[in-house]
Protein chains: 2
Amino acid sequence: MHTSVTEENYLKAIFALSNGNLQAANNQQIADKLSINPASVSDMLRKLSERGLIAYHRKTGALLSEEGMQVAAKTIRKHRLWETFLVQQLNFTWDEVHEVAEQLEHIDSEKLIQEMDKLLGYPKFDPHGDPIPDGNGQLPKYHPIALSNAGIQKIYILCGITNHSSAFLQFLDTFSLGIGSTVQITGFQPFDRSMSVLLNQTTSTVFSFTVCSNLLVMQ
Amino acid sequence: MHTSVTEENYLKAIFALSNGNLQAANNQQIADKLSINPASVSDMLRKLSERGLIAYHRKTGALLSEEGMQVAAKTIRKHRLWETFLVQQLNFTWDEVHEVAEQLEHIDSEKLIQEMDKLLGYPKFDPHGDPIPDGNGQLPKYHPIALSNAGIQKIYILCGITNHSSAFLQFLDTFSLGIGSTVQITGFQPFDRSMSVLLNQTTSTVFSFTVCSNLLVMQ
DNA sequence: TTTAAAATTTAGGCAAACCTAAATTTTAAA
DNA sequence: TTTAAAATTTAGGTTTGCCTAAATTTTAAA
Ligand SMILES: [Mn+2]
Ligand SMILES: [Mn+2]
Ligand SMILES: [Mn+2]
Ligand SMILES: [Mn+2]
């Protein structure tokens with residue numbers, strides 16, 4: 001079945017809001033995420049429901065159907081592969097790729113995705129550490145925790161972020177902190193929950209609780 | 001000024017039909033080329049004219065304005081760079097690239113084009129031998145002739161084609177004939193204007209006049 | 001030069017996606 | 001439990017880009 005760019009964007013938004021298809025996304029959340037009027041969202045949710053791409057219940061909200069999930073996963077797969085391509089092959093920085101990937105993710109060509117995947121070496125994660133769904137829509141399993149919940153003195157590897165704004169990405173750049181960097185908590189201030197951290201075994205600094213809660217790490 | 005995908009496609013069509021902006025493209029030609037109803041073309045030509053992208057006169061037809069030419073050239077530049085990328089980097093064959101490039105040519109990112117151009121080594125011609133406009137919309141100058149107008153016994157290099165159909169491309173593939181191949185006319189049949197040709201200094205065969213008139217060559 | 005064919009435009013509509021304003025329904029506070 | 005606030009839907013519109021059918025205009029044949 002053919003899905004329009006708009007439909008793909010709705011399905012992506014619903015996926016992102018549903019936390020692995022566990023909690024239904026409601027009208028307002030979708031409207032906010034897509035910067036679209038709630039009235040328009042009502043229209044589209046009815047349409048997506050009629051097409052069998054979501055299950056929609058007035059009160060609870062929208063959940064992706066099996067088919068809707070496939071479309072969403074495929075779109076996200078393309079988005080993240082393109083971001084990886086832009087960084088790996090075209091000298092983009094991680095704060096420059098998202099907008100272009102928003103356009104590229106809607107290009108329709110099986111061969112293009114497959115060859116791109118091969119060219120990039122079948123990457124499992126994109127430049128922001130986000131997992132790339134495989135050809136069947138399956139996400140690699142990994143269970144990072146927020147640095148704000150991490151243990152003191154242990155050495156962690158930064159493997160993701162929960163804030164993708166340019167401001168945050170550029171903030172991390174100023175510390176040469178990127179996916180794969182090591183982070184060690186060396187101290188904690190109960191007053192404002194800020195943390196002293198050692199970055200890449202070399203740089204000592206203090207991060208606010210907000211910053212720490214946006215950093216995903218694994219041991 | 002922002003131009004829609006549809007507008008870009010109209011401008012490309014007008015460019016292609018105007019033979020270097022020399023002859024105005026008329027309604028019917030555009031309708032045919034885009035597989036759109038002439039009535040719809042009338043609408044769009046009025047709109048493009050109001051936006052200053054074309055000069056339109058009821059009788060003669062449409063000619064690109066300076067600005068329209070820039071948009072058309074940029075779109076064609078992107079199309080041909082993408083085709084080159086698909087063949088050079090992603091193992092596409094020359095008969096597989098056009099459809100995908102029709103989508104990719106509308107992606108809007110200056111950096112993407114520039115980096116792609118660099119990655120590919122600033123190519124001057126695409127996989128079909130078509131010239132790639134530079135960043136200012138200028139086409140490389142070259143003056144190929146149709147093989148059907150070429151001289152006997154001289155050795156020519158195939159540098160372009162005037163028929164881009166899959167059927168024709170695959171026909172050429174069966175002779176291992178591609179851009180850069182050599183072609184030598186070894187004989188001529190006045191009866192049906194068919195030509196005996198020596199391909200790549202190795203293969204002798206006979207091509208119809210139709211085939212020869214679709215092959216562009218240079219010495 | 002008349003007349004018929006061909007090309008083009010006008011008129012009236014449709015579908016996709018969006019919007020605002022006005023209901024209506026849900027949720028939550030009092 | 002009533003009532004007010006918040007969320008959602010309905011109603012009525014707009015824009016873009018397309019279509020068909022019916023003019024109208026151009027071109028070309030007779
Ligand atoms: Mn992104
Ligand atoms: Mn990403
Ligand atoms: Mn092409
Ligand atoms: Mn080409």
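Only heavy atoms go into these numbers, but all of them, side chains included; no hydrogens, no water, no symmetry mates. Throughout, a chain's letter reflects where its sequence line sits, starting with A, and its residues are numbered from 1.
Protein atom CG of Leu45(B) is 11 Å distant from nucleotide atom C1' of dT9(C), rounded to whole Å. Rounded to an integer number of Å, the gap from Asn9(B) CG to dT16(D) P is 17 Å. As rounded to whole Å, 14 Å separates atom C1' of dA11(C) from atom CG of Asn37(B). For His2(B) and dT16(D), the NE2 to C1' distance is 12 Å, given to the nearest whole Å. Look at CD1 on Ile36(B): it is 15 Å from P on dT8(C), rounded to the nearest Å. When rounded to the nearest whole Å, the span between CG of Asp43(A) and P of dA16(C) equals 11 Å.
Contact check, Tyr10(B) against dC18(D): a side-chain N or O comes under 4.0 Å of OP1 or OP2. One finds no side-chain N or O of Ser40(A) lying less than 4.0 angstrom from the OP1 or OP2 phosphate oxygen of dA17(C).
No donor-acceptor contact under 3.5 angstrom links the side chains of His98(A) and His128(A), judged on distance only. Residues Glu8(A) and Thr3(A) have side chains that bring a donor and an acceptor to within less than 3.5 angstrom of each other.
Separation of atoms OG (Ser65(A)) and CD1 (Ile54(A)) is listed at 8.5 Å; rounding is to 0.5 Å. The line from CD of Glu83(A) to NZ of Lys78(A) is 14.0 Å long, rounded to the nearest 0.5 Å.
Partner Leu86(A) forms a side chain to side chain contact (heavy atoms under 4.5 Å, CB included) with one of Leu81(A), Thr93(A), Val100(A) and no other, that one being Val100(A).
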Per-residue pairing states of DNA chain C in dot-bracket (Watson-Crick or G-U under 3.5 Å; . unpaired, | other strand) read ||||||||||||||||||||||||||||||
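Contacts between residues 47-61 of chain A and DNA chain C, defined by a heavy-atom separation under 4.0 Å, are made by Lys47(A), Arg58(A), Lys59(A). Within residues 22-35 of chain A, no residue has a heavy atom under 4.0 Å from DNA chain C.
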For residues 116-123 of chain A, which side-chain N or O atoms pair as donor and acceptor with protein atoms under 3.5 Å away, sequence neighbours left out?
residue: Asp117(A); atom: OD2; partner: Arg77(A); partner atom: NH2; Å: 3.1

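In this structure, the ring of Phe207(A) has its center less than 6.0 angstrom from the ring center of Phe171(A).
Of the possible polar contacts, one joining the Asn214(A) side chain to the Thr210(A) backbone as a donor-acceptor pair under 3.5 Å is found.
Remark: Asp108(B) engages no residue in a salt bridge (Lys or Arg N to Asp or Glu O under 4.0 Å) (not counting sequence neighbours). For Asn37(A), there are no side-chain hydrogen bond (donor to acceptor under 3.5 Å, both in side chains) partners, not counting sequence neighbours.
Contact annotation for Thr6(B): backbone-only contact, meaning every heavy-atom pair under 4.0 Å involves sugar-phosphate atoms and none involves a base. Across all strands, Ser42(B) comes closer than 4.0 Å to base atoms (heavy-atom distances).
A 4.5 Å side-chain heavy-atom check between Leu216(A) and Ile145(A) finds every atom pair outside the cut-off.
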